[in-house]
Amino acid sequence: MKGVRASSAASIGEIMRVSPVIPVLTLHDPSGARGIAEALVAGGLRVLEVTLRTPAALKIIEGLRGVDGAIVGAGTVLNASQLDDAISAGAEFAVSPGLTEPLTLRAVARRIPFLPGVATAGDIMRGLDLGLSHFKFFPAETSGGIPTLKALSAPFANVRFCPTGGVSEATGPSWLALPQVLCVGGSWLVPSGPPDLNSIEAAARRAASFKPNSGGAA
Ligand SMILES: O=C(O)C(=O)C[C@H](O)[C@H](O)COP(=O)(O)O
């Protein structure tokens with residue numbers, strides 16, 4: 001889906017198929033954020049999750065709106081008020097570590113593509129009841145890794161996942177080999193500390209070459 005443009009018309013499923021890896025970015029410095037985003041997009045990763053874990057996150061989301069080719073969303077969205085703030089800043093999708101009814105209902109009402117975290121069958125069933133079918137599997141490795149996701153997803157034929165949490169460059173391809181996995185998320189592309197843009201672009205290029213077994217990246 002190379003043609004997916006950041007807009008409320010894109011579904012979360014379409015966004016998850018744009019690139020096999022969603023970089024999870026926890027950024028402190030608005031002045032350095034654009035270069036990081038450009039390096040990731042140049043490497044082939046267009047979908048960027050900026051976590052609301054730093055005071056500068058909303059300003060950074062706003063600033064990244066103009067990066068050509070980037071689809072910028074907010075991560076660590078914990079409640080409806082944070083979701084509204086993220087939308088005001090220009091976030092084109094939202095990711096949460098968990099699934100609550102108030103946040104999900106607000107995301108549906110605001111028509112923003114939404115990817116909440118699940119780790120149990122009950123989480124998935126609450127999401128299905130609220131009309132969702134795409135989830136982040138979080139925290140992926142410590143929740144039991146690939147064997148758990150295989151077992152967990154078996155009863156839910158039409159549900160698709162983005163495993164995140166402990167996923168690395170080394171393990172990403174194994175997760176993407178599962179047909180129910182459209183993409184993976186991870187912070188490994190942009191380690192904390194002063195950014196090395198050449199390394200970030202090279203890591204993005206390697207990650208962009210991962211091949212989902214789901215027909216994930218178009
Ligand atoms: O809080 C959220 O909404 C998140 O998005 C959590 C992050 O996805 C993970 O913390 C990334 O996990 P690592 O790749 O292991 O660093």
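Because the structure is predicted, anything quoted here is derived from the model rather than measured. Heads up: numbering here begins at 1 and tracks the sequence. In each ligand, atom 1 is the first atom listed, and ligand 1 is the first ligand listed.
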Checklist entry - Are Val18 and Ile71 close enough that some pair of their side-chain heavy atoms sits under 4.5 Å apart? => result yes
Checklist entry - Looking at side-chain heavy atoms only, is the closest gap between Leu103 and Leu78 below 4.5 Å? => result no
Checklist entry - Within the structure, does Thr51 bring an N/O atom to less than 3.5 angstrom of an N/O atom in ligand 1? => result no
Next on the checklist: Working to the nearest 0.5 angstrom, can you tell me the gap between Leu189 CG and Leu25 CG?
Outcome noted: 8.5 Å
Checklist entry - Considering distance alone, does some N or O of Gly166 sit under 3.5 Å from an N or O of ligand 1? => result yes
Checklist entry - So is there a nitrogen or oxygen of Thr164 less than 3.5 Å from a nitrogen or oxygen in ligand 1? => result no
Item to check | Straight-line distance of Leu182 CG to Ile15 CD1, nearest 0.5 Å | outcome: 12.0 Å
Checklist entry - Taking both backbone and side-chain atoms of Glu49, is any N or O found less than 3.5 Å from an N or O belonging to ligand 1? => result yes
Item to check | The single option from Leu130, Ile12, Thr104 passing side-chain contact (heavy atoms from CB on, under 4.5 Å) against Phe114 | outcome: Thr104
Checklist entry - Is there at least one pair of N or O atoms, one from Thr76 and one from ligand 1, spaced under 3.5 Å apart? => result yes
Item to check | Protein heavy-atom partner closest to atom 4 (C) of ligand 1 - residue, atom, separation in Å | outcome: Lys136 NZ, 2.9 Å
Item to check | Per-atom contacts, ligand 1 versus Ser187 - under 4.0 Å to a heavy atom | outcome: 13 (P), 14 (O), 16 (O)
Next on the checklist: Just to check, does Gly185 reach to within less than 4.0 Å of ligand 1 when the distance is taken from its heavy atoms?
Outcome noted: no
Item to check | Ligand-residue contact atoms, ligand 1 with Gly186, heavy atoms, under 4.0 Å | outcome: 14 (O)
Checklist entry - For atom 6 (C) of ligand 1, what is the nearest protein heavy atom, given as residue, atom name and distance? => result Arg53 NH2, 3.0 Å
Checklist entry - Does some non-hydrogen atom of Phe138 fall short of 4.0 Å from ligand 1? => result yes
Checklist entry - So do the side chains of Thr76 and Val95 get within less than 4.5 Å of each other, counting heavy atoms only? => result no
Item to check | Ile60 side, atom CD1; Arg34 side, atom CZ - distance, nearest 0.5 Å | outcome: 13.0 Å
Item to check | Atoms in ligand 1 with a heavy atom of Gly165 nearer than 4.0 Å | outcome: 12 (O), 15 (O)
Checklist entry - Phe161 vs Phe135 aromatic rings, parallel, tilted or perpendicular, using cut-offs 30° and 60°? => result tilted
